[in-house]
Number of protein chains: 2
Amino acid sequence: MPKQFEMDAKTFKALSDPNRLMIIETLQNGDKCACKILEELNIVQSTLSHHMKILCDSGLVESNKVGKWMHYVLNKEAFEAARNSLDDIIKKIR
Amino acid sequence: MPKQFEMDAKTFKALSDPNRLMIIETLQNGDKCACKILEELNIVQSTLSHHMKILCDSGLVESNKVGKWMHYVLNKEAFEAARNSLDDIIKKIR
DNA sequence: TCGTCATATCGATAGTTGTCAATGCATTCA
DNA sequence: TGAATGCATTGACAACTATCGATATGACGA
């Protein structure tokens, strides 16, 4: 199994949960701390932390700690890589 | 939870398995019957059938029966929809 | 230093997923 | 019509996932 498939699969898996897509949307207007994200979702804090870990592990989201807050921000390059993978497929469809 | 997130999540979930990405690649050069796809993967026939069902349910792949063969073909519009979802996100990242 | 706040981690649990072997169901061909 | 072929379905199982409550960690303020 080529490594690229494994990597792309991991990215798409990170995108494959509705709550995570909602988290991504709340991050579209710039970085946010976890507590702000939590206000917009119907999940408890530990669940959010779980989802943030998956998003960070996939590379789609980056985090940096500021005082006692964790700031999360979307990683444009990672989204572009996923988009480009889909584009490569689309271009080859006759 | 907005319905669009549920739909996009389902598409990305279909893309989140390396074997399915490999199936998609084998279909990039046009339609194929299941037995041809099977030759390129290290899985048994029932497992392939399972993956094809997930791909078809997501809309990424369409099938039509020709005699005793099932022909599978990539659905360009579905891939474009997924690509556009990612594009919408990318455009909003400052 | 002590309590509080923000977040991560742990443990448990129900549900989902990927995989295979076995079987079923059409379709084709001899 | 009976056997063979192509594919789907079923049942079983181990691995993974999403979720929660409880607890730990680490930073800040009083």
Side-chain angles (χ1 to χ4, degrees), chain A residues 1-3 5-27 30-73, chain B residues 1-2 5-27 30-74:
Chain A
M1 179 64 56
K3 189 139 194 175
F5 288 150
E6 311 270 8
M7 289 171 56
D8 285 347
K10 183 170 181 176
T11 302
F12 289 128
K13 190 175 287 276
L15 291 167
S16 74
D17 180 90
N19 276 321
R20 289 198 289 272
L21 292 179
M22 199 149 176
I23 291 168
I24 288 167
E25 179 169 272
T26 73
L27 289 175
D31 69 333
K32 261 182 196 163
C33 67
C35 54
K36 286 293 172 191
I37 300 171
L38 191 56
E39 290 173 6
E40 316 210 14
L41 292 173
N42 255 336
I43 54 176
V44 301
Q45 179 269 326
S46 61
T47 302
L48 175 63
S49 193
H50 164 74
H51 286 306
M52 296 317 297
K53 180 166 169 47
I54 290 170
L55 286 169
C56 289
D57 284 352
S58 75
L60 290 169
V61 171
E62 290 179 337
S63 65
N64 63 309
K65 194 164 186 173
V66 179
K68 59 182 173 178
W69 293 277
M70 281 295 277
H71 282 235
Y72 294 102
V73 58
Chain B
M1 179 66 55
F5 289 150
E6 311 270 7
M7 291 171 57
D8 285 346
K10 184 171 181 176
T11 303
F12 290 128
K13 190 175 288 276
L15 292 166
S16 74
D17 180 89
N19 276 321
R20 289 198 289 272
L21 292 179
M22 199 150 175
I23 292 168
I24 288 168
E25 180 168 273
T26 74
L27 289 175
D31 68 332
K32 263 182 194 162
C33 66
C35 55
K36 286 292 172 193
I37 300 171
L38 191 56
E39 290 173 5
E40 316 210 15
L41 291 174
N42 255 337
I43 54 176
V44 302
Q45 180 267 325
S46 61
T47 301
L48 175 63
S49 194
H50 164 75
H51 286 308
M52 296 318 297
K53 180 165 168 47
I54 289 170
L55 286 169
C56 289
D57 284 351
S58 75
L60 290 169
V61 171
E62 290 178 338
S63 64
N64 62 311
K65 193 166 186 173
V66 179
K68 59 181 173 180
W69 292 277
M70 281 296 277
H71 282 235
Y72 294 102
V73 58
L74 300 185

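Side chains included, hydrogens not; waters and symmetry mates left out as well; all remaining heavy atoms used. Chain naming here is simple, since letters A, B, ... match the order of the sequence lines and numbering starts at 1 in each.
To the nearest 0.5 Å, atoms OG (A:Ser46) and CG (A:Leu38) are separated by 9.5 Å. Atom CG of residue A:Leu27 and atom CD of residue A:Glu25 lie 10.0 Å apart, to the nearest 0.5 angstrom.
Residues B:Ile37 and B:Met52 are in side-chain contact: their nearest non-hydrogen atoms beyond the backbone lie under 4.5 Å apart. A 4.5 Å side-chain heavy-atom check between B:Gln45 and B:Cys35 finds every atom pair outside the cut-off. Looking at A:His51 and A:Leu41, their side chains never come closer than 4.5 Å, going by heavy atoms from C-beta outward. In this structure the side chain of B:Leu15 reaches within 4.5 angstrom of the side chain of B:Leu21, judged on heavy atoms.
Under the side-chain contact (heavy atoms from CB on, under 4.5 Å) rule, B:Leu74 has a single partner from B:Asp31, B:Val61, B:Leu55, B:Ile23, which is B:Val61.
Applying a 4.0 Å cut-off to non-hydrogen atoms, none of the residues of residues 7-25 of chain B approaches DNA chain D. Heavy-atom distances under 4.0 Å link DNA chain C to A:Gln45, A:Ser46, A:Ser49 of residues 36-51 of chain A, given in residue order. Only B:Gly67, B:Lys68, listed by number, bring a heavy atom of residues 55-71 of chain B to less than 4.0 angstrom from any atom of DNA chain C.
Scanning all heavy atoms of the two residues, the minimum distance from B:Glu6 to A:Pro18 falls at OE1-CG, 3.5 Å. The minimum heavy-atom distance between B:Lys36 and B:Glu40, with the atom names listed, is O-CG, 3.6 Å.
Every residue meeting the salt bridge (Lys or Arg N to Asp or Glu O under 4.0 Å) condition with A:Lys53, not counting sequence neighbours, appears here in chain and number order: A:Asp57. B:Asn19 is linked by a side-chain hydrogen bond (donor to acceptor under 3.5 Å, both in side chains) to nothing, counting only residues two or more places apart in sequence or in another chain.
For C:dA8, the OP1/OP2 oxygens have a side-chain nitrogen or oxygen of A:Tyr72 closer than 4.0 Å.
Relative to the axis of its first five pairs, the axis of the last five pairs of the helix from C:dT1-D:dA30 to C:dA30-D:dT1 sits at 10°, rounded to 10 degrees.
Heavy atoms from other residues, nucleotides or ligands lying under 6.0 Å from CG of B:Asn64 number more than 12.
The nearest whole Å value for the distance from the NZ atom in B:Lys53 to the P atom in C:dT16 is 15 Å.
Looking at A:Arg20, its side chain does come within 3.5 Å of a backbone N or O of A:Lys13 through a donor-acceptor pair.
Looking at which nucleotide of DNA chain C each of B:Ile54 and A:Cys35 is closest to, the 5′-most match is held by A:Cys35.
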